[in-house]
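Note sheet for the following structure.
Owing to the predicted nature of the structure, the values given are computational and were not obtained by experimental measurement.
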Amino acid sequence: QLAWSFALPAGPNTTTPLVHDGVMFLFAQDNVVALDARSGELLWRYAHQLPQGDRPSAKRALALYGNKVYAPTSDGRVVALDVQTGKVVWNEPVDNNVKASTTGGLLAAKGKVMLGTTGFAPGGGYIQAFDAETGKKLWRFYGIPRPGEKGSETWNGTELAKMSGGSVWTPGYYDPVNDLVFFSPTPTYD
């Protein structure tokens, strides 16, 4: 039978709950909440303030690494929160030049936090890695090969600005035996 319930804000709430050491973390409408998994008691809440005119979008997963919870935001940022208090440790844009669209979820492994973007922008989607402690951008992998990279010849000479797709809508997976991460990009839209 029902043990407890907790109301989430109305809107796209598709994040899979993350449970660790008796705490359930949820992401809803750019809010991260930490609940006592046994009682449903609210332990803390972080409410990310979106810029005027931005609307919340669905997110599929949070990540936990060390003493931090990581959340993607609807205005194209990644926020690292202290796991005990919900206080912001770092808050970084996925892309410094444009607002990245993120609907997937984060993967944290080996001191890195990785997040895929949607590929509606010219040049398609990519996976961005951040340092888990500082938020510094470490590397980026594009879902569509850049000109001259292996596979770029399959685009029949299409200009990079006219390519789209390669979105990453779900979190990646980490294989500790082979020290590899796996992501599933979607096909092109065009």
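Scanning all heavy atoms of the two residues, the minimum distance from I144 to M163 falls at CG2-SD, 3.4 Å. For S167 against W169, the heavy-atom pair with the smallest separation is CB-NE1, 3.2 Å. The nearest pair of heavy atoms linking P72 to T102 is CB-OG1, 4.0 Å. Counting all heavy atoms, side chain and backbone alike, T117 lies closest to A100 at CG2-CB, 4.0 Å. In terms of heavy atoms, A37 sits closest to V19 at CB-CG1, 4.4 Å. Residues P185 and G166 share a closest heavy-atom pair of CB-O, 3.9 Å.
Residues that satisfy the side-chain hydrogen bond (donor to acceptor under 3.5 Å, both in side chains) test with T73, not counting sequence neighbours, are D75. Y173 meets the side-chain hydrogen bond (donor to acceptor under 3.5 Å, both in side chains) test with no other residue; sequence neighbours excluded. Take K137 and apply the side-chain hydrogen bond (donor to acceptor under 3.5 Å, both in side chains) test, not counting sequence neighbours, and it matches N96. Listed by chain and residue number, D82 satisfy the side-chain hydrogen bond (donor to acceptor under 3.5 Å, both in side chains) test with T85 (two or more places apart in sequence, or in another chain).
Proximity of P17 to L26: side-chain heavy atoms (C-beta onward) are separated by under 4.5 Å at one or more points. Taking 4.5 Å as the limit, some side-chain heavy atom of R45 sits within range of a side-chain heavy atom of V33. Residues L35 and W4 are in side-chain contact: their nearest non-hydrogen atoms beyond the backbone lie under 4.5 Å apart. Using a 4.5 Å heavy-atom cutoff, the side chains of R146 and L160 are in contact. Contact of the M114 side chain with the F183 side chain is registered, since non-hydrogen atoms from C-beta on lie closer than 4.5 Å.
Residue pairs meeting the side-chain hydrogen bond (donor to acceptor under 3.5 Å, both in side chains) criterion with at least one partner in residues 18-35, sequence neighbours excluded, are D30-S74. Pairs engaging residues 47-56 under the salt bridge (Lys or Arg N to Asp or Glu O under 4.0 Å) rule: D54-K99 [sequence neighbours left out]. Judged as a salt bridge (Lys or Arg N to Asp or Glu O under 4.0 Å), not a single pair has a partner in residues 56-67 (not counting sequence neighbours). Counting only residues at least two apart or on different chains, the ring-ring contact (aromatic ring centres under 6.0 Å, His included) pairs with a member in residues 62-84 are Y70-W90. Within the structure, salt bridge (Lys or Arg N to Asp or Glu O under 4.0 Å) pairs that include any residue of residues 173-187 comprise K110-D179 (at least two apart or interchain).
With hydrogens and angles ignored, the 3.5 Å screen pairs no side-chain donor or acceptor of E149 with any backbone N or O of P147.
The local environment of CZ in F141 is sparse, with at most 12 non-hydrogen atoms from other residues, nucleotides or ligands closer than 6.0 Å.
Counting Ile, Leu, Val, Met, Phe, Trp and Tyr side chains that sit under 4.5 Å apart, directly or through other members, V88 shares a hydrophobic cluster with L18, V23, F25, F27, V32, L43, W44, Y46, L62, L64, V69, V79, L81, V83. Hydrophobic cluster membership of L2, counting Ile, Leu, Val, Met, Phe, Trp and Tyr whose side-chain heavy atoms lie under 4.5 Å apart directly or via other members: none, as it forms a cluster of its own.
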Do any side-chain atoms of residues 121-133 form donor-acceptor pairs under 3.5 angstrom with protein atoms, and if so which ones, sequence neighbours left out?
from: Y126; atom 1: OH; to: D95; atom 2: OD2; distance (Å): 3.2
from: Q128; atom 1: OE1; to: R140; atom 2: NE; distance (Å): 2.7
from: Q128; atom 1: OE1; to: R140; atom 2: NH2; distance (Å): 3.0
from: Q128; atom 1: NE2; to: W139; atom 2: O; distance (Å): 3.0
from: D131; atom 1: OD1; to: E133; atom 2: N; distance (Å): 2.8
from: D131; atom 1: OD1; to: T134; atom 2: N; distance (Å): 2.9
from: D131; atom 1: OD1; to: T134; atom 2: OG1; distance (Å): 3.2
from: E133; atom 1: OE1; to: K68; atom 2: NZ; distance (Å): 3.1
from: E133; atom 1: OE2; to: K68; atom 2: NZ; distance (Å): 3.1

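Under the 4.5 Å side-chain heavy-atom criterion for grouping Ile, Leu, Val, Met, Phe, Trp and Tyr, V181 is connected to V168 within one hydrophobic cluster.
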